[in-house]
Amino acid sequence: MVLTAITPCGSSAPLSREAFREALMSKGQYYHLHHPFQQAMANGELSREQLQGWVANRFYYQLMIPQKDAALLANCPDAATRRRWVQRLLDHDGHAGDEGGIEAWLALGEAVGLPRHTLLSQEHVLPGVRFAVDAYRHFVASAPWQEAAISSLTELFAPLAHQNRLDTWPQHYPWINEQGYRYFRKRLSEARRDVEHGLEIALNVCTTVALQQRALEILQFKLDVLWSMLDAMTMAYQLDRPPYHTVTQEAVYHRGLERSTY
Ligand SMILES: O=C(O)c1cc(C(=O)O)c2c(n1)C(=O)C(=O)c1cc(C(=O)O)[nH]c1-2
């Protein structure tokens, strides 16, 4: 991929806004939509247990999204940005007239046969998934808010994934209750609005070659988070090699040390 524009005198210059936007978009080729687990999902090749495993593990991502957005808000001194970004918390946590994404994901859990308490207990969250999601949350909490915003830009490609599930699941998995599709429908419009804001920040702040390269590296980090989550699920649910499988069939792995016990 060409990262810099070569000026007539031969020195490298930052990409134009449009070329930088295209460089960000070209990262879509590494999106988790292309992971074999997600491809099997779209082809109707997952068993009920494998699909349940995905829903239960992805719930951890859903839980952490508002916490990482709250961390970004805490690090952002610009009220105008905070006023727009805070909508993301409301989208997931809900507010009057909107149940919120976490509640919609719990409905998805019930639609695939997982009771609320099973998702909330986090008992199915694999260590690899937990570590990947935590890496994202910790990055957002420790990075400058502009970089944290850039790390959300995988959402550029998320509507494709949501639409793909709406298009393929009803035919392949007719046993899923219709209530389960609320989350994906809701995110179609929310994600488009989010990326407009995220992109605006990236294009405004990444005005040097170094900053543009850094942004592309941050986006790759986030793609790695999403891909690694599915790698962990592949091991556990497709290859039948969950953690400690050589020792025990029991899910002995920890349930998250960061949860309050109070
Ligand atoms: O189902 C998906 O494929 C998918 C992917 C992503 C993503 O690309 O990070 C998000 C979501 N869904 C999603 O629903 C969501 O709310 C969301 C927020 C964010 C973020 O990084 O702030 N990513 C995503």
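Since we're looking at a predicted model, the values are computed, not measured. Order of listing sets the numbers, starting from 1, for every ligand and every atom in it. Just so it is clear, the values below take in all heavy atoms, side chains as well, and ignore hydrogens, waters and symmetry mates.
Counting the atoms of ligand 1 from 1 in the order shown, those under 4.0 Å from a heavy atom of Ala161 are 3 (O). Those atoms of ligand 1 that come under 4.0 Å of a heavy atom in Lys68, given as number and element, are 20 (C), 21 (O), 22 (O). In the vicinity of Arg187, heavy-atom distances shorter than 4.0 Å reach the ligand 1 atoms 13 (C), 14 (O), 15 (C), 16 (O).
Remark: Arg82 is not positioned above the aromatic ring of Trp85, lacking an NZ or CZ atom under 6.0 angstrom from the ring centre and at most 45 degrees off the axis.
Given atom 10 (C) of ligand 1, the protein heavy atom at minimum distance is Tyr61 CE2, 3.8 Å. In terms of protein heavy atoms, atom 7 (C) of ligand 1 is closest to Thr154 OG1, 3.3 Å. Protein heavy atom closest to atom 18 (C) of ligand 1, with residue, atom name and distance, is Ile65 CD1, 3.4 Å. Protein heavy atom in closest approach to atom 24 (C) of ligand 1: Glu155 CG, 3.7 Å. The nearest heavy-atom contact from the protein to atom 13 (C) of ligand 1 is Tyr183 OH, 3.3 Å. Distance from atom 2 (C) of ligand 1 to its nearest protein heavy atom, with residue and atom name: Arg58 NH1, 3.1 Å. Looking only at heavy atoms of the protein, atom 3 (O) of ligand 1 is closest to His32 NE2, 2.8 Å.
Heavy-atom distances between His92 and ligand 1 reach below 4.0 Å in at least one pair. Residue contacts with ligand 1 include Tyr31, since one of its heavy atoms falls under 4.0 Å from the ligand. Put simply, part of Tyr136 is less than 4.0 Å from ligand 1, judged by heavy atoms. No heavy atom of Gln38 sits closer than 4.0 Å to any atom of ligand 1.
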*Go through Glu196 and Arg193 one step at a time and tell me if the salt bridge (Lys or Arg N to Asp or Glu O under 4.0 Å) criterion holds.*
CA-CA 5 Å; Glu196 232 173 79; Arg193 184 212 52 214; over 6 Å; no
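Using a 4.5 Å heavy-atom threshold, the side chains of Asp240 and His245 count as separate. Here the side chains of Asp224 and Trp227 are not in contact, with every heavy-atom distance at 4.5 Å or above.
Distance check, rounded to the nearest 0.5 Å: CG of Leu230 to OH of Tyr237 gives 11.5 Å.
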